[in-house]
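Only heavy atoms go into these numbers, but all of them, side chains included; no hydrogens, no water, no symmetry mates.
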Amino acid sequence: MRQEVDDLEQPTHRVQGPQQTDCNRGEFGYRYHQLIPGPPGTPGSPGIPGNHGNNGNNGATGQEGEKGEKGDKGDMGTRGERGNPGLKGEKGHPGVPPELQVAFMASMATHFTNINSGIIFSSVETNVGNFFDVMTGRFSAPVTGVYFFTFHMLKHEEVEDVYVYLMHNGNTIVSMYSYESKGKQDTSGNSAVLKLSKEDEVWLRMGTGALHGDHQRYCTFSGFLLFETK
C-alpha cells in the first residue's frame with residue numbers, strides 16, 4: 001500500500017514537444033500551459049480557381065442627363081419612287097345652273113332728289129345674270145325662290161330727314177328713316193329676306209328728302225338668290 005502511494009507522489013515527467021511549456025498535474029489531471037506558435041511555414045501552391053460567381057443585381061436608374069445641343073440638319077434624302085394612282089373619287093354634286101346664279105349691286109355717284117319715285121342708280125358694279133335693270137332700278141326674279149336684299153343710304157346735308165322704302169310689286173316691305181339737322185349728314189339702311197315668284201319685281205322708292213351721292217358710293221342697293229323653291 002505504501003508503495004502505491006509513493007508511486008503516485010513521484011515527480012511528473014515532461015512531455016517533449018516543439019516549444020511546449022511544462023505541464024503540472026492538477027486536481028483532476030494534467031494541466032498544460034499555453035502553446036507558443038512556431039515560425040510561419042512556406043506558402044503553399046495556389047489553389048484551383050473557384051467557379052464564376054452569379055451576376056449581380058441591376059443597379060438603380062441614374063438621373064436624367066442634361067439635354068444636348070440641337071444637331072445639324074441632315075442631308076436631304078433621295079427622292080422616293082412615284083406612288084400608285086389613288087382610287088377614283090366619287091362624282092361631285094351638280095353645279096349651280098346659270099339661271100340660279102343671281103346677284104347684283106348698284107351704287108349712286110350723284111345726288112338723288114326725286115321724291116315719291118323709284119330710285120335710279122348711276123352705276124351697277126355687279127349684275128350676275130343681268131336681272132337688275134339699270135334704267136329702271138328694278139330687279140326681276142328669274143326663278144321662284146328666296147332672295148336677300150339690303151340697302152344703305154346717306155342723307156343729303158340740305159334736308160333734315162329721309163324716307164326710303166323697299167318695294168315688292170308695289171307693296172312696301174321695309175322702310176328706312178334717317179334724321180339729322182340741316183348741314184349734317186346721317187346714314188341708315190335696312191334688309192329683307194323675301195320669297196318671290198318668277199318675274200316678281202323689287203326696287204327702292206324715295207319718300208321724302210334727298211340722298212347724297214359721290215365717288216365714295218355711300219348709297220348702295222344689293223340682292224341675291226338664296227335658293228330656289230317650287
Side-chain angles (χ1 to χ4, degrees), residues 91-230:
K91 186 176 181 179
H93 297 290
V96 180
E99 63 270 17
L100 298 182
Q101 298 178 16
V102 182
F104 75 93
M105 174 187 169
S107 63
M108 188 179 298
T110 58
H111 303 324
F112 188 83
T113 59
N114 298 338
I115 62 175
N116 294 321
S117 64
I119 298 176
I120 304 299
F121 293 87
S122 55
S123 177
V124 176
E125 281 69 27
T126 303
N127 195 7
V128 178
N130 293 317
F131 299 110
F132 180 81
D133 190 341
V134 66
M135 301 300 296
T136 63
R138 297 192 177 198
F139 169 80
S140 180
V143 295
T144 298
V146 178
Y147 295 77
F148 175 80
F149 299 94
T150 184
F151 59 99
H152 301 274
M153 301 295 162
L154 178 64
K155 180 187 77 69
H156 195 280
E157 62 271 17
E158 295 299 323
V159 299
E160 290 186 348
D161 57 5
V162 171
Y163 279 96
V164 174
Y165 308 98
L166 179 68
M167 308 298 295
H168 173 211
N169 290 342
N171 299 314
T172 301
I173 302 302
V174 294
S175 304
M176 182 219 80
Y177 176 72
S178 176
Y179 174 82
E180 185 58 80
S181 59
K182 288 185 179 182
K184 296 181 179 181
Q185 294 175 322
D186 184 60
T187 185
S188 185
N190 212 333
S191 302
V193 175
L194 303 178
K195 183 177 181 181
L196 306 179
S197 298
K198 185 177 180 179
E199 298 183 355
D200 279 359
E201 291 186 332
V202 177
W203 75 95
L204 295 177
R205 182 174 68 86
M206 184 76 174
T208 61
L211 298 175
H212 178 90
D214 61 21
H215 67 283
Q216 299 292 341
R217 312 297 172 110
Y218 293 105
C219 298
T220 61
F221 179 34
S222 304
F224 52 85
L225 172 66
L226 292 173
F227 51 87
E228 183 184 16
T229 60
K230 300 299 183 182

Open item on the list: Does anything in residues 113-140 form a salt bridge (charged side-chain N to carboxylate O under 4.0 Å, His left out)? List the pairs, not counting sequence neighbours.
Closed with: Glu125-Arg217, Arg138-Glu201

Open item on the list: Are Ile119 and Phe112 packed together at the side-chain level, in the sense that at least one heavy-atom pair is separated by less than 4.5 angstrom?
Closed with: yes

Open item on the list: If you compare all heavy atoms of Ser107 against all heavy atoms of Phe121, which two are closest, and at what distance to 0.1 Å?
Closed with: O-CB, 3.4 Å

Task: side chain to side chain contact (heavy atoms under 4.5 Å, CB included) partners of Val193, counting only residues at least two apart - done: Val146, Phe148, Leu226

TODO: Taking side-chain hydrogen bond (donor to acceptor under 3.5 Å, both in side chains) as the test, write out the residues that go with Asn190, two or more places apart.
DONE: none

Task: Interatomic spacing from CH2 in Trp203 to CD1 in Ile120 - rounded to 0.5 Å - done: 11.5 Å

TODO: Answer yes or no: is there a side-chain heavy-atom contact under 4.5 Å between Thr187 and Lys155?
DONE: no

Open item on the list: To the closest 0.5 Å, what do you measure between OG (Ser140) and CG (Leu196)?
Closed with: 9.5 Å

Task: Interatomic spacing from CE in Met206 to OH in Tyr163 - rounded to 0.5 Å - done: 12.0 Å

Open item on the list: Has His152 got a side-chain atom pairing as donor or acceptor with Thr220's backbone, closer than 3.5 angstrom?
Closed with: no

- [ ] Output all residues satisfying ring pair (Phe, Tyr, Trp, His ring centres under 6.0 Å) with Phe131, sequence neighbours left out; order by chain, then residue number.
- [x] none

TODO: Name the orientation class of the two ring planes belonging to Phe104 and Phe132 (parallel below 30°, tilted from 30 to 60°, perpendicular beyond 60°).
DONE: parallel

Open item on the list: Suppose we screen for side-chain hydrogen bond (donor to acceptor under 3.5 Å, both in side chains). Which residues come up paired with Asn114, at least two apart in sequence or across chains?
Closed with: none

TODO: May I ask you to check whether Phe139 and Phe221 place their ring centres under 6.0 Å from each other?
DONE: no

TODO: Considering non-hydrogen atoms only, spot the tightest contact between Val102 and Pro142 and give its length.
DONE: CG2-CG, 3.5 Å

Task: Selection residues 106-121 - residue pairs positive for salt bridge (charged side-chain N to carboxylate O under 4.0 Å, His left out), sequence neighbours left out - done: none

Task: Close side-chain approach of Met167 and Ile173, heavy atoms under 4.5 Å - done: no

TODO: State which residues pass side chain to side chain contact (heavy atoms under 4.5 Å, CB included) with Leu100; sequence neighbours excluded, sorted by chain then number.
DONE: Val96, Pro97, Val143, Leu225, Glu228

Open item on the list: Enumerate the salt bridge (charged side-chain N to carboxylate O under 4.0 Å, His left out) contacts for residues 106-118, please, sequence neighbours excluded, ordered by first and then second residue.
Closed with: none

Open item on the list: Please find the pair of heavy atoms, one from Asn116 and one from Arg205, that lie closest to each other, and give the distance.
Closed with: OD1-NH1, 3.6 Å

- [ ] Drop me the distance from Thr113's OG1 to His111's NE2, to the nearest 0.5 angstrom.
- [x] 9.5 Å

Open item on the list: Restricting to non-hydrogen atoms, name the atom on Ser178 and the atom on Asp186 that form the minimum distance, rounded to 0.1 Å.
Closed with: OG-OD2, 2.5 Å

Open item on the list: So Phe149 and Val202, do their side chains get closer than 4.5 Å, heavy atoms only?
Closed with: yes

Open item on the list: With rounding to the nearest 0.5 angstrom, report the CG to CG distance, Asn169 to Asp200.
Closed with: 4.0 Å

Open item on the list: Rounded at 0.5 Å granularity, tell me how far SG in Cys219 sits from CE in Met153.
Closed with: 5.5 Å

Open item on the list: By the salt bridge (charged side-chain N to carboxylate O under 4.0 Å, His left out) test, which pairs, at least two apart or in different chains, include something from residues 156-181?
Closed with: none

TODO: Could you list the residues that satisfy side-chain hydrogen bond (donor to acceptor under 3.5 Å, both in side chains) with Asp214, not counting sequence neighbours?
DONE: His212

- [ ] State, yes or no, whether a side-chain contact exists between Phe151 and Leu166 at a heavy-atom distance under 4.5 Å.
- [x] yes

Open item on the list: Tell me every residue that passes side-chain hydrogen bond (donor to acceptor under 3.5 Å, both in side chains) with Glu199, counting only those two or more places apart in sequence or in another chain.
Closed with: none

Task: Partners meeting side chain to side chain contact (heavy atoms under 4.5 Å, CB included) with Ser222 (sequence neighbours left out) - done: Met105, Thr150

Open item on the list: Less than 4.5 Å apart, side chain to side chain, heavy atoms only: is that true for Tyr218 and Leu211?
Closed with: no

